[in-house]
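Below is one structure, written out as C-alpha cells, with a few remarks after it.
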Amino acid sequence: MTVSSVAELLKSDLFLQEVAVKGWVRTFRSNRFIALNDGSTINNIQCVVDFENTDEELLRRITTGAAVSIKGTLVESQGKGQSVEIQVSELEILGDSNPDEYPIQPKKHSMEFLRENAHLRVRTNTFSAVMRVRSALSFAVHKYFQENGFNYVNTPIITGSDAEGAGEMFRVSTFEANKAPLTEEGEIDYSQDFFGKETNLTVSGQLEAETYAMALGKVYTFGPTFRAENSNTTRHLAEFWMIEPEVAFMDLDGNMDLSEDFIKSVLAYVLENCKDDLAFLDQRFAKEESQKPQAQRSEMGLLEKLRFVVDNNFKRVSYTEAIDILRNSKPNKKKKFQFPINEWGADLQSEHERFLVEKHFKCPVILFDYPASIKAFYMRLNDDGKTVRAMDVLFPGIGEIVGGSQREERLDVLKEKINAMGIEEKELWWYLDLRKFGTAVHSGFGLGFERLVQFATGMGNIRDVIPFPRTPQNAEF
C-alpha cells in the first residue's frame, strides 16, 4: 500500500478507503487519540485507536516523539478541528521515545531552550512552519532569477579578498596552532600555507559575481557567507546565506527596480504557497506583540505586513533627505535616539532606519546616494565627489534588508579609491582587469536571506530562522 503524507490525507476525499501514513506522535490522549505529524504540513491528522482491542504494552509505547506507522480507514471526523481522521487497523512503533527523556513535550518552551535543542526544535509547530517557509522562499529566489534570465553562479567560499573592507573574517589555514612558520620580520609566513597566501571564509560573493556578470550579463549567487563579528544581537549570525545578483549595463535606478520587484515576487510566492504556515505564524506574531509595551508593538499583523510590502510601491529617498527628516524628528530633538543625528555624513543605525519606515513613511523605503566615506570602495562615485551610487532597502521591524550599488566602472577612479583605503592593487588585479577590458556600467545588491526569512515569518530573533545558528561562543551541532 502506498504511504500517503499527512498533507495529502487532510485534503483527500478517499472516504472509507484504506490508507497508510508514517510520522511522529505529537500527543496521545485518552489512550485513544493520536495526533500524528510527518512534517508535510503544520496540521496533524487524528488517528483513532481501538484501545480495547490493542495490546497494553503497545499503547504504552505511543508517546510524544515516537515514530509510528499506521494503516487504517479514512473517515469523516466526528470531532472538532479536523475534517478527516483515520480509524486505525494496524499500528507499528518504528522508533520509541522515552517520555522521561524527550525534551520537546507538548507544552510551551522558551526560545532559548529550543535553541539548546536545535536538533529537535523543528518538531514543534513554530519551527516546522518557519523551516517550510524558509524552503519555499529559497525556491522562490531561484524561480525568480531563472524566469528572468539570470545565470546561477557558485562563487568561492574560500577567498583571499575582503569584499566589505571590514576585516571581520574567519581565517582558513592548515597551520597547526602555535606552530606556524614565521618570516624574518616575525610575521606568519603564509607562502608556506596550503594556498600559498592568507585566505579566509568569504563575506560576500559580489566581487567574483561581477566578473561573471561582465560575461554572462545577468547572474546571481545564493550561498553561505561568514562574518567574524562579535555580536550577540537578534540581527546577527556568524554564518548566514546571501543572495547577490549582478547585472551588466544596469544603473542604480535599474538596481532599485530589480530589488523591489524581486522582494515583492518572493513574498507573493510564500503568501500563495504557505497559507497554513503563515496563518499559524500570524497568530503567533499577534500573541508575541500583545505581550510587548504598547509603544513597541507592530501596527500591522504579519500577513498584513507581507501584503503591504507586496501591494505598495517602495518610497525612494536620498540619504540627504533622510538625514534632514531624522535631524528634525521628535525622537532626535527629544534625545530618544541612542545615536543622535547631528550632521550629514552620519552612518544610519537600525533605530534610524526603522523610524523612517515605521513612523515617518509607513512603507518600505529605498535610501540612495550615501556619503562615500561610509560605503565600500567598489561603489560608483557621483559627480559631486562626496556621495556614491549606493542604495539600501529598509523594511519594518528589521531596518536594512538589502544593500547594493552601481559599481565603479572607471579604472582611474577605482584605483584612486583602492589606494585611498590602503588596499594593494595587486590583491585586486583581476577585479581591476574588468575595468580595463570592456568596462561598462553594472550594478547589483546583496540580501541577507535570514533577514528575509525573519520578515516573512515574524520571528524576533535571527537565530530562529536558520537550522543551526552559528554565533559567538556557539557552534553546537
Handout entry: Modelled atom types, side-chain donor and acceptor of N273 and R132, under 3.5 Å
Key = no

Fill in the blank from the handout: In this structure, CZ of R407 is separated from OH of Y378 (nearest 0.5 Å) by 5.5 Å

Practice task
Side-chain contact test, heavy atoms from C-beta onward, threshold under 4.5 Å: evaluate it for N37 versus V6 and give yes or no.
Solution key: no

Exercise for the section: Kindly write out the residues that satisfy side chain to side chain contact (heavy atoms under 4.5 Å, CB included) with T234, not counting sequence neighbours, or none if the list is empty. Expected result: N461

Problem - CD on E168 to CG on N200, rounded to 0.5 Å - result: 12.0 Å

Problem - Side-chain touch W24/S97, heavy atoms, less than 4.5 angstrom - result: no

Practice task
Heavy atoms only: give me the nearest E408-R380 pair and the separation to one decimal.
Solution key: OE1-CA, 3.4 Å

Problem - Non-hydrogen side-chain atoms of R235 and I462 separated by less than 4.5 Å - result: no

Exercise for the section: Taking salt bridge (Lys or Arg N to Asp or Glu O under 4.0 Å) as the test, write out the residues that go with E208, two or more places apart. Expected result: none

Practice task
With side-chain contact (heavy atoms from CB on, under 4.5 Å) as the test, would you mind laying out the steps for M111 and M459 before giving the verdict?
Solution key: CA-CA 10 Å; M111 288 290 136; M459 298 299 285; 4.3 Å; yes

Handout entry: No-hydrogen, no-angle side-chain donor-acceptor test under 3.5 Å, E244 and S204
Key = yes

Exercise for the section: Considering non-hydrogen atoms only, spot the tightest contact between P396 and V357 and give its length. Expected result: N-CG1, 3.3 Å

Exercise for the section: Of all the heavy-atom pairs spanning A440 and E409, show the shortest one and how long it is. Expected result: O-CB, 3.3 Å

Exercise for the section: State, yes or no, whether a side-chain contact exists between S405 and K375 at a heavy-atom distance under 4.5 Å. Expected result: no

Exercise for the section: Tell me, please, which residues at least two apart from E112 pass salt bridge (Lys or Arg N to Asp or Glu O under 4.0 Å). Expected result: R115

Practice task
Please find out if less than 6.0 Å separates the ring center of F145 from that of F262.
Solution key: yes

Handout entry: Taking every non-hydrogen atom, the tightest pair across R123 and R26
Key = O-NH2, 2.7 Å

Practice task
Not counting sequence neighbours, list each pair that qualifies as a side chain to side chain donor-acceptor pair (under 3.5 Å) and has a residue in residues 445-458.
Solution key: R134-E450

Practice task
Go through the steps to decide whether D412 and K415 satisfy the test salt bridge (charged side-chain N to carboxylate O under 4.0 Å, His left out), and finish with yes or no.
Solution key: CA-CA 5 Å; D412 54 340; K415 275 187 172 182; over 6 Å; no

Handout entry: Side-chain heavy atoms of F280 within contact of T126, under 4.5 Å
Key = yes

Exercise for the section: Report, as yes or no, whether the 6.0 Å neighbourhood of atom CZ on F113 holds more than 12 heavy atoms from other residues, nucleotides or ligands. Expected result: yes

Practice task
Please tell me if the side chains of L258 and F150 come closer than 4.5 Å, counting only heavy atoms from C-beta onward.
Solution key: yes

Practice task
Taking only Lys NZ, Arg NE, NH1 and NH2, and the carboxylate oxygens of Asp or Glu, determine whether R121 and D464 approach each other closer than 4.0 Å.
Solution key: yes

Handout entry: Shortest non-hydrogen contact between T202 and P224, atoms and distance
Key = CG2-O, 3.8 Å

Handout entry: Any pair counted as side chain to side chain donor-acceptor pair (under 3.5 Å), so long as it reaches residues 262-272, sequence neighbours left out
Key = E260-K264

Exercise for the section: Run the numbers on E210 and H442 for side chain to side chain donor-acceptor pair (under 3.5 Å), then give the verdict. Expected result: CA-CA 8 Å; E210 278 186 57; H442 61 289; 2.7 Å; yes

Exercise for the section: Hey, could you give me the CG/CG distance between L326 and L356, rounded to the nearest 0.5 Å? Expected result: 4.5 Å

Handout entry: Euclidean distance, K275 NZ relative to I42 CD1, rounded to 0.5 Å
Key = 16.0 Å

Practice task
Look at the rings of H142 and Y152 and say which category their plane angle falls in: under 30° parallel, 30 to 60° tilted, over 60° perpendicular.
Solution key: perpendicular

Exercise for the section: Compare all side-chain heavy atoms of L120 with those of Y102 and state whether any distance is below 4.5 angstrom. Expected result: yes

Practice task
Spell out, as yes or no, whether a donor-acceptor pair under 3.5 Å connects the side chain of E353 to the backbone of L394.
Solution key: no

Handout entry: Residue that, paired with V388, satisfies side chain to side chain contact (heavy atoms under 4.5 Å, CB included) out of L252, L381, I374, D369
Key = L381

Practice task
Return yes when atom CD of Q473 has more than 12 non-hydrogen atoms of other residues, nucleotides or ligands closer than 6.0 Å, and no otherwise.
Solution key: no

Completion exercise
Interatomic distance, CD1@I366 vs CG@D257, rounded to 0.5 Å, equals 8.0 Å

Handout entry: NZ/NE/NH1/NH2 to OD/OE distance under 4.0 Å, K436 and D433
Key = yes

Exercise for the section: Identify, with sequence neighbours excluded, every residue that meets ring-ring contact (aromatic ring centres under 6.0 Å, His included) alongside F449. Expected result: F222

Practice task
Could you grab the distance from atom CD of E229 to atom CZ of R227, nearest 0.5 Å is fine?
Solution key: 8.0 Å

Completion exercise
When every non-hydrogen atom of F361 is compared with those of I325, the smallest separation belongs to CZ-CD1, 3.6 Å

Practice task
Please assess L201 against M169 for the test side-chain contact (heavy atoms from CB on, under 4.5 Å), listing each intermediate value before the final yes or no.
Solution key: CA-CA 7 Å; L201 295 179; M169 303 179 79; over 6 Å; no

Practice task
Could you walk me through whether D261 and Y144 pass side chain to side chain donor-acceptor pair (under 3.5 Å), step by step?
Solution key: CA-CA 10 Å; D261 189 56; Y144 177 86; 2.7 Å; yes

Handout entry: Validation row: M256, F314 side chains within 4.5 angstrom (heavy atoms)
Key = no

Fill in the blank from the handout: ring pair (Phe, Tyr, Trp, His ring centres under 6.0 Å) test vs H119 passes for just one of F477, F468, F127, namely F477

Exercise for the section: Classify the angle between the aromatic ring planes of F170 and F226 as parallel (below 30°), tilted (30 to 60°) or perpendicular (above 60°). Expected result: perpendicular

Practice task
Can you establish whether the number of heavy atoms outside Y212 located under 6.0 Å from its atom OH is more than 12?
Solution key: no

